[in-house]
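See below for the structure under consideration.
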Protein chains: 2
Amino acid sequence: MIRDLSKLERQKRIKEYILKDPFLSDKKLSELFSISVQTIRLDRLEMGIPEMRKRIVQVAKNTSSKDKVKSLKKEEIIGELIDIELGKNGIAILKTTKDMAFGRTGIIRSHYIFSLADSLAISIIDTEVALTGIARLSYKKPVYAGETLVAKARVARSRGNKYLVSVHVKSDQKEVFTGKLVIFSVNDKVKKEKA
Amino acid sequence: MIRDLSKLERQKRIKEYILKDPFLSDKKLSELFSISVQTIRLDRLEMGIPEMRKRIVQVAKNTSSKDKVKSLKKEEIIGELIDIELGKNGIAILKTTKDMAFGRTGIIRSHYIFSLADSLAISIIDTEVALTGIARLSYKKPVYAGETLVAKARVARSRGNKYLVSVHVKSDQKEVFTGKLVIFSVNDKVKKEKA
DNA sequence: CACCTATTATTAGCAACTACTAATTGTAAG
DNA sequence: CTTACAATTAGTAGTTGCTAATAATAGGTG
């Protein structure tokens, strides 16, 4: 149970709770916050949060809204971009988990490491759209679930719309993967107009 | 509007309607079938179909579980294994979707194609644990969301615990990707460093 | 003190039900 | 034709989770 919060604090928390679990009724919320149902209703009203039933309908109808937020914002890049100099180099980090590993051995599946390298390589190219053309990968050492991978990418050469990017992935200072990727930038003048 | 159906026929249709659109209330159904609300309720009862609200909750919980599967990478193998001859060759299929693509172009991210190729290559190796060592990838043509990819893998050479697997991925007969992967089988000492 | 805000209480009403009982209609068999 | 029985419809009471509105109460602050 939660007690003695300022109105603002409480409303913030209510918002978080509802976001996490849209199935919470006003009654359950009032119990959680040890506050009257009416206050919960007032809070919802002030924040413009619809009643539980409408929230459930939204969730049921929405296959896309969450996905859009997720796929457009977060999952554009595998791992977390730490530092980037467009056209030159970049660093990304990926914390590996059990879901990325083979169940039996705990070794991270190779394609997760490739995904980290590939998406980092693509994101350092200073262009609207970039596609991978050719890649040479070398896995040096198995990576176990729980290890944190640091990927460094560098544009080694570039000619026209063709970039050679080399990526080194290390875990705890030791190199576990290297790759050379040829990336092509695509300037789609057809579809886009603004910068 | 629907009229003059036998009880059984009507119940069948009601079932179909609800399956198609779980958001239909008893009132709307009664109007659709020009029958009383009570009859709809009796029909639902006989068929064990819950009320609209509970149906919506079901849908809402389904879509949220779908999200989990989507955002977390649970599948052991990317794509669907169609045919396999251990140690020799295998075929896998991947139906591409929007979540696998760049939002603005609809082009499938390269790592999904690699994942398909890599996991197929690993699964045709007849061993407990197999790891990818070196890979050469070549993306021939962009793949757009919605296309169905067919991956064929073949063990080209093998010496000791080292296998050279070549993978060809086609979409609609046209080759979109080829790769040569060197896979190592690991029998016991997983923790040992590999060559 | 009055004023103000926040909170709580109370009431009426709605949608979409469950659960139950009762009345009506249809239809087929004795 | 009448009875029997199923199918349908009607009606009532009670539930959940609300909206909307109005009023009462408690706690400060100037």
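Letters A, B, ... are given to chains in the order of the sequence lines, protein chains preceding strands, and every chain is numbered from 1. Note that this is a predicted model, so its numbers are computed, not measured.
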* Structure fact -> Footprint ends on DNA chain C, 5' to 3', for atoms under 4.0 angstrom from a heavy atom of chain B, come out as C:dA15 to C:dT18
* To do: Determine, for B:Phe23 and B:Arg55, whether the Lys NZ or Arg CZ falls below 6.0 Å from the six-membered ring centre while staying within 45 degrees of the axis.
  => no
* **A:Arg136 atom CZ, over 12 foreign heavy atoms within 6.0 Å** => no
* **Proximity of B:Tyr163 and B:Phe184 rings by center, below 6.0 Å** => no
* Asked: Is there a donor-acceptor pair under 3.5 Å between the side chain of B:Glu147 and the backbone N or O of B:Tyr144?
  -> yes
* To do: Report yes or no: is the cationic atom of A:Arg109 (NZ for Lys, CZ for Arg) closer than 6.0 Å to the six-membered ring centre of A:Phe102, at no more than 45° off its axis?
  => yes
* What does nucleotides 8-26 of chain D look like as a protein-contact string, B for base, S for sugar-phosphate only, - for none, at under 4.0 angstrom between heavy atoms? -> BBBB----BBBB-------
* To do: Output yes when a side-chain donor or acceptor of B:Ser34 lies under 3.5 Å from a complementary backbone atom of B:Glu31, and no otherwise.
  => no
* Asked: Parallel under 30°, tilted from 30 to 60°, perpendicular over 60°: which one fits the rings of A:Tyr139 and B:Phe114?
  -> parallel
